[in-house]
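Note: hydrogens, waters and symmetry copies are ignored here, and every other heavy atom, side chains too, is used. In this text, all values refer to a predicted model and were calculated from it rather than measured experimentally. For the single chain, residues carry numbers from 1 onward in sequence order.
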Amino acid sequence: MTEPDHVARIQAEWARERPDLDVSPQGVIGRLHRLAAHLTDELCVVYRRHGLAEGEFDVLAALRRAGAPFERAPGELARFTMVTTGAMTKRIDRLVEAGLVTRRPASDDGRGRVVALTDAGRTLIDGAFTEHMRNERRLLDVLTPDEAARLEGLLTTWLGHIEPT
């Protein structure tokens with residue numbers, strides 16, 4: 001017989017203490033929460049190996065996937081990475097200081113700014129993203145291809161009900 005996992009033990013305690021409540025949602029939500037924390041830890045190992053924090057990786061990746069000339073407005077970067085503009089400013093400041101991005105006035109609006117990858121930033125994110133994809137593959141390979149496809153479908157459906165497109 002398989003030992004109950006951490007979430008199952010918590011559910012059993014709640015079921016004992018509060019039999020009037022349906023604690024079955026914890027089976028999904030609790031496991032997703034724990035899995036997300038473990039995955040984040042594993043992903044951050046790669047970011048750190050490239051000298052980046054998770055948020056800095058996100059900014060460089062958002063600029064790289066914009067396509068040539070690899071630039072976006074700070075507000076657009078904030079939307080893509082789901083952080084406040086204040087947090088984005090701090091990330092951009094660190095990346096400018098590291099020589100990975102530049103910040104300049106927008107050509108069409110003197111008040112606006114544009115953030116662009118430098119050659120060093122593009123080289124760094126290309127290497128980091130390649131390793132990141134290998135790492136994600138490693139993490140996902142504990143599932144069969146069919147399991148991974150079913151999970152992706154379920155998560156897509158669920159997220160579609162929660163998050164606006």
Side-chain angles (χ1 to χ4, degrees), residues 7 25 28-165:
V7 174
V28 173
I29 304 295
R31 286 182 181 92
L32 277 174
H33 184 74
R34 291 179 61 79
L35 183 60
H38 287 294
L39 291 174
T40 298
D41 288 346
E42 291 290 326
L43 297 176
C44 285
V45 168
V46 170
Y47 308 149
R48 284 191 301 271
R49 200 169 10 250
H50 291 271
L52 299 168
E54 184 177 18
E56 295 163 346
F57 177 91
D58 287 346
V59 171
L60 295 177
L63 290 168
R64 178 62 175 96
R65 69 177 183 266
F70 310 111
E71 59 186 33
R72 295 185 192 262
E76 188 180 14
L77 287 170
R79 283 190 306 278
F80 275 113
T81 58
M82 297 183 295
V83 297
T84 65
T85 53
M88 182 53 61
T89 298
K90 289 179 184 177
R91 289 177 183 180
I92 293 168
D93 287 346
R94 287 191 302 267
L95 292 167
V96 166
E97 188 174 310
L100 301 173
V101 303
T102 60
R103 184 189 290 126
R104 64 172 170 72
S107 57
D108 61 339
D109 177 5
R111 295 170 296 148
R113 296 279 180 251
V114 173
V115 178
L117 276 178
T118 63
D119 289 341
R122 183 174 174 194
T123 299
L124 178 66
I125 193 58
D126 281 351
F129 188 71
T130 298
E131 186 177 351
H132 174 68
M133 286 293 91
R134 279 195 305 262
N135 192 34
E136 285 193 351
R137 170 56 50 209
R138 176 187 65 83
L139 293 166
L140 197 56
D141 276 348
V142 300
L143 302 176
T144 67
D146 185 56
E147 288 170 333
R150 287 194 330 258
L151 180 58
E152 182 180 6
L154 289 168
L155 293 173
T156 299
T157 299
W158 191 7
L159 191 57
H161 289 290
I162 293 172
E163 187 177 81
T165 54

* Between the side chains of His132 and Glu136, does any donor sit under 3.5 Å from an acceptor? ->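 Side chains of His132 and Glu136: pair found under 3.5 Å.
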* To do: Can you sort out the partners of Arg94 under salt bridge (charged side-chain N to carboxylate O under 4.0 Å, His left out), two or more places apart, ordered by chain and number?
  => Glu56
* To do: Could you list the residues that satisfy salt bridge (charged side-chain N to carboxylate O under 4.0 Å, His left out) with Arg134, not counting sequence neighbours?
  => none
Least distance between heavy atoms, [X] atom then [Y] atom:
| X | Y | result |
| --- | --- | --- |
| Val7 | Gly30 | CG2-C, 3.8 Å |
| Ala66 | Glu71 | CB-O, 4.1 Å |
| Thr84 | Ala87 | OG1-N, 3.0 Å |

* Asked: Got a donor-acceptor contact below 3.5 angstrom from the Thr118 side chain to the Gly99 backbone?
  -> yes
* **Donor-acceptor pair, side chain of Asn135 and main chain of Val46, under 3.5 angstrom** => no
* So do the side chains of Arg91 and Thr81 get within less than 4.5 Å of each other, counting heavy atoms only? -> yes
* Side chains of Arg122 and Leu100: closer than 4.5 Å at any heavy-atom pair? ->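 Of all side-chain heavy-atom pairs linking Leu100 with Arg122, none is under 4.5 Å.
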* Asked: Are the aromatic ring centres of His50 and Phe57 under 6.0 angstrom apart?
  ->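 Between Phe57 and His50, which both carry aromatic rings, the centre distance is not below 6.0 Å.
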* **Test side-chain contact (heavy atoms from CB on, under 4.5 Å) applied to Val115 and Thr102, step by step** => CA-CA 6 Å; Val115 178; Thr102 60; over 6 Å; no
Distance (rounded to the nearest 0.5 Å) between [X] [atom1] and [Y] [atom2]:
| X | Y | atom1 | atom2 | answer |
| --- | --- | --- | --- | --- |
| Leu43 | His38 | CG | NE2 | 13.0 Å |
| Ile125 | Arg64 | CD1 | CZ | 9.0 Å |
| Met88 | Arg79 | CE | CZ | 10.5 Å |
| Thr85 | Ile92 | OG1 | CD1 | 9.5 Å |
| Leu117 | Asp126 | CG | CG | 8.5 Å |
| Leu60 | Leu95 | CG | CG | 5.0 Å |

* Asked: Please walk me through it: do Arg48 and Leu52 pass side-chain contact (heavy atoms from CB on, under 4.5 Å)?
  -> CA-CA 5 Å; Arg48 284 191 301 271; Leu52 299 168; over 6 Å; no
* **Cation-pi, Phe80 ring and Arg65 (6.0 angstrom, 45 degrees)** =>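 Satisfied, under 6.0 Å and within 45°.
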* side-chain contact (heavy atoms from CB on, under 4.5 Å) between Arg113 and Arg104: does it pass, once the steps are laid out? -> CA-CA 6 Å; Arg113 296 279 180 251; Arg104 64 172 170 72; over 6 Å; no
* Structure fact -> For Thr156, the side chain to side chain contact (heavy atoms under 4.5 Å, CB included) test, sequence neighbours excluded, returns Glu152
* Over 12 foreign heavy atoms within 6.0 Å of CG, Asp119 ->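 Open.
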